[in-house]
Amino acid sequence: MKSFPILLVLFLVGAIAAIIISIFLGNQTAATPLAGGETTVFNRASSAYEQPSAGLSEENFQRHGEGDIAFEAVFVTPPATINSGLGPLFNNASCVGCHIRNGRGLPEKGQLLVRVSQNGVPPSNEEFSEKDYYAEAIAPAENATPVPGLGTQIQEQGVYGHPPEGKVEIAWQEQTGKYGDETTYSLRTPEANIIQSNGKPLPASVMTSLRIPPPVFGLGLLEAVEDKTILANSDPEDKNGDGISGHPNQVWDIEKESLVLGRFGWKANQPNLIQQTASAYVNDMGVTNPLFREPDGSEDIDRKTLEVAAFYVQTLAVPARTLLKDSKVKRGEELFAQAKCSSCHVSELSTGDYFIPELAHQKIHPYTDMLLHDMGAGLADGRPDFQATGTEWRTPPLWGIGLTQTVLPYSTYLHDGRARTLEEAILWHGGEAEVAKEAFVNMSSSDRSALLRFLQSL
Ligand code: HEC
Ligand code: HEC
Ligand SMILES: [Ca+2]
Ligand SMILES: [Ca+2]
Ligand SMILES: [Ca+2]
């Protein structure tokens with residue numbers, strides 16, 4: 001007789017515990033602020049992109065600080081005692097000169113890069129002068145061979161006695177469009193006028209591509225995602241019939257001397273952060289290094305400096321998400337999935353083993369699949385790069401994108417910085433993302449603003 005109430009009490013306790021556990025688990029699978037897993041930092045101020053990953057060992061924290069100094073180092077003309085080796089041709093004298101506060105750069109001189117190439121066989125040694133070699137020691141794709149006299153990138157600056165390769169002027173063309181509810185919008189397209197130092201315009205056969213500097217935080221985590229995790233989302237022939245056919249780039253790894261999966265840059269044409277950093281030094285700053293040496297085998301910076309600069313971007317933290325309980329943000333997150341934005345901007349990936357153990361085996365929320373997608377004629381540069389065609393771009397991560405204007409007001413979006421707002425960035429989507437774009441265009445204005453508010457919460 002006495003056992004009955006005890007059983008009832010036990011039953012109630014069990015039921016309440018089950019409810020509490022299910023709420024807890026529910027929260028675990030739903031939105032989390034931990035965009036960068038355990039390495040996430042809780043900083044949504046203007047310094048949000050400049051924080052070392054949370055949980056770094058004392059030694060790696062120190063190393064991150066040394067990398068910060070390398071990233072900020074302003075190079076000067078040789079001979080000099082420190083930071084010597086700028087040029088002879090260059091675009092900017094420091095990493096931070098383009099990657100200001102580690103956020104995105106602007107489409108303006110000193111930050112915008114113009115990639116050039118042509119079809120066909122690479123120029124012979126006689127055609128390809130020593131000057132080209134200095135500035136353009138790269139690992140070019142067969143479908144993006146260097147242009148005689150210009151290489152694969154236009155350096156708009158030169159040290160004393162070395163005229164720059166040319167001057168780039170951007171003019172913007174405006175075009176208007178309408179949402180489903182008749183609200184109008186306006187989009188701008190860049191038109192680059194490139195004049196070589198000899199006063200001549202570029203020959204029509206030269207393919208060009210404009211690139212703004214992308215944000216550089218969270219990159220170690222993206223480097224730590226295993227190839228097989230990225231390949232799991234690849235569907236080049238669209239076998240599942242959802243209209244999305246992402247595929248990886250395959251690019252030349254100069255140290256491995258083989259083709260490997262491409263990860264970094266707007267067309268994923270760099271395999272890893274060491275090679276990305278080494279090519280930034282040589283091409284953007286004219287600073288030769290162990291991966292890209294002078295013709296006589298010497299170098300402006302040693303392996304240690306190269307590695308520590310790469311370590312800095314490898315260990316820049318991702319800021320935590322915010323406004324998770326805001327009803328508009330929640331609605332926006334649903335719309336992001338319904339409109340199939342999440343087919344490319346994949347919300348969750350896991351990292352594998354990594355040489356920085358603090359970044360290994362993390363559940364991250366980068367909102368990218370790291371794959372290339374056909375984005376339509378509107379965004380096309382017509383310049384292929386390895387497996388990326390002239391209409392394809394790598395899905396950029398959207399984590400931290402809500403802080404863009406907090407970090408650097410007037411920052412712009414997309415590969416060439418044409419989009420002045422997140423809304424414009426979405427409106428430019430075409431190709432495989434045409435359906436997603438149309439879904440956005442036909443949303444009610446309150447749903448459109450909910451979707452944008454969700455992006456602001458990242
Ligand atoms: C002249 C401006 C400029 C300078 C100087 C510069 N960068 Fe960049 N950086 C860019 C641009 C533009 C891109 C995009 C390139 C592309 O997609 O082809 C980029 C891309 C990157 C990326 C890839 C980011 C991603 O998400 O894929 C990293 C990492 C990077 N830079 C690091 C560095 C480091 C380290 C230095 C200094 C050694 C440096 N950059 C110097 C302009 C610059
Ligand atoms: C087919 C794949 C795909 C789909 C679907 C897609 N995107 Fe994108 N998104 C991309 C690619 C690729 C880019 C880069 C294009 C470029 O720079 O020219 C991009 C760029 C962006 C950017 C600018 C990022 C930056 O760093 O400048 C935002 C914001 C964005 N997408 C949001 C969305 C939203 C919201 C949706 C759904 C309405 C969506 N995307 C659907 C592939 C996709
Ligand atoms: Ca040099
Ligand atoms: Ca050049
Ligand atoms: Ca598909």
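Starting from 1, each residue takes its place in the sequence as its number. Order of listing sets the numbers, starting from 1, for every ligand and every atom in it.
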Give one line per pair: atom of ligand 1, protein atom, distance. Only N/O to N/O under 3.5 Å.
unit_1, atom_1, unit_2, atom_2, d
ligand 1, 7 (N), His99, NE2, 2.9
ligand 1, 7 (N), Asp284, OD2, 3.3
ligand 1, 9 (N), His99, NE2, 3.0
ligand 1, 17 (O), Arg211, NH1, 3.3
ligand 1, 17 (O), Trp266, N, 2.8
ligand 1, 18 (O), Arg115, NE, 2.8
ligand 1, 18 (O), Arg115, NH2, 3.0
ligand 1, 18 (O), Arg211, NH1, 2.7
ligand 1, 27 (O), Gly265, N, 2.7
ligand 1, 31 (N), His99, NE2, 2.9
ligand 1, 40 (N), His99, NE2, 2.9

Among the N, O or S atoms of Asp242, the one nearest the Ca ion (ligand 5): OD1
Aromatic ring pairing Phe355/Phe311, orientation class (parallel under 30°, perpendicular over 60°, tilted between): perpendicular
Identity of the N, O or S atom of His345 lying closest to atom 8 (Fe) of ligand 2: NE2
The Ca ion (ligand 5) - name of the N/O/S atom of Asp238 that sits closest to it: OD1
Leu414 contact mode with ligand 2 (heavy-atom cut-off under 4.0 Å): both
Any N, O or S atom of Ile244 closer than 3.0 Å to the Ca ion (ligand 5): yes
Asp235: its N/O/S atom lying closest to the Ca ion (ligand 5) (atom name): OD2
Thr288 and Glu294: side chain donor to acceptor below 3.5 Å: yes
Between Asn91 and Gln153: side-chain donor-acceptor atoms closer than 3.5 Å: yes
Proximity of Val435 to ligand 2 by residue part, where a heavy atom lies under 4.0 Å: neither
Evaluation steps, side-chain contact (heavy atoms from CB on, under 4.5 Å), between Glu392 and Asn249: CA-CA 10 Å; Glu392 289 178 328; Asn249 207 345; over 6 Å; no
Asn240 N/O/S atom closer than 3.0 Å to the Ca ion (ligand 5): yes
Asp227 bridged to Arg263 by N-O distance under 4.0 Å: yes
N, O or S from His429 under 2.8 Å to atom 8 (Fe) of ligand 2: yes
Ligand 2 versus Lys340: contacting region, heavy-atom distance under 4.0 Å: backbone
Plane angle bin for Trp399 and Phe217 - parallel if under 30°, tilted between 30 and 60°, otherwise perpendicular: tilted
Geometric class of the Phe454/Phe336 ring pair [parallel <30°, tilted 30-60°, perpendicular >60°]: tilted
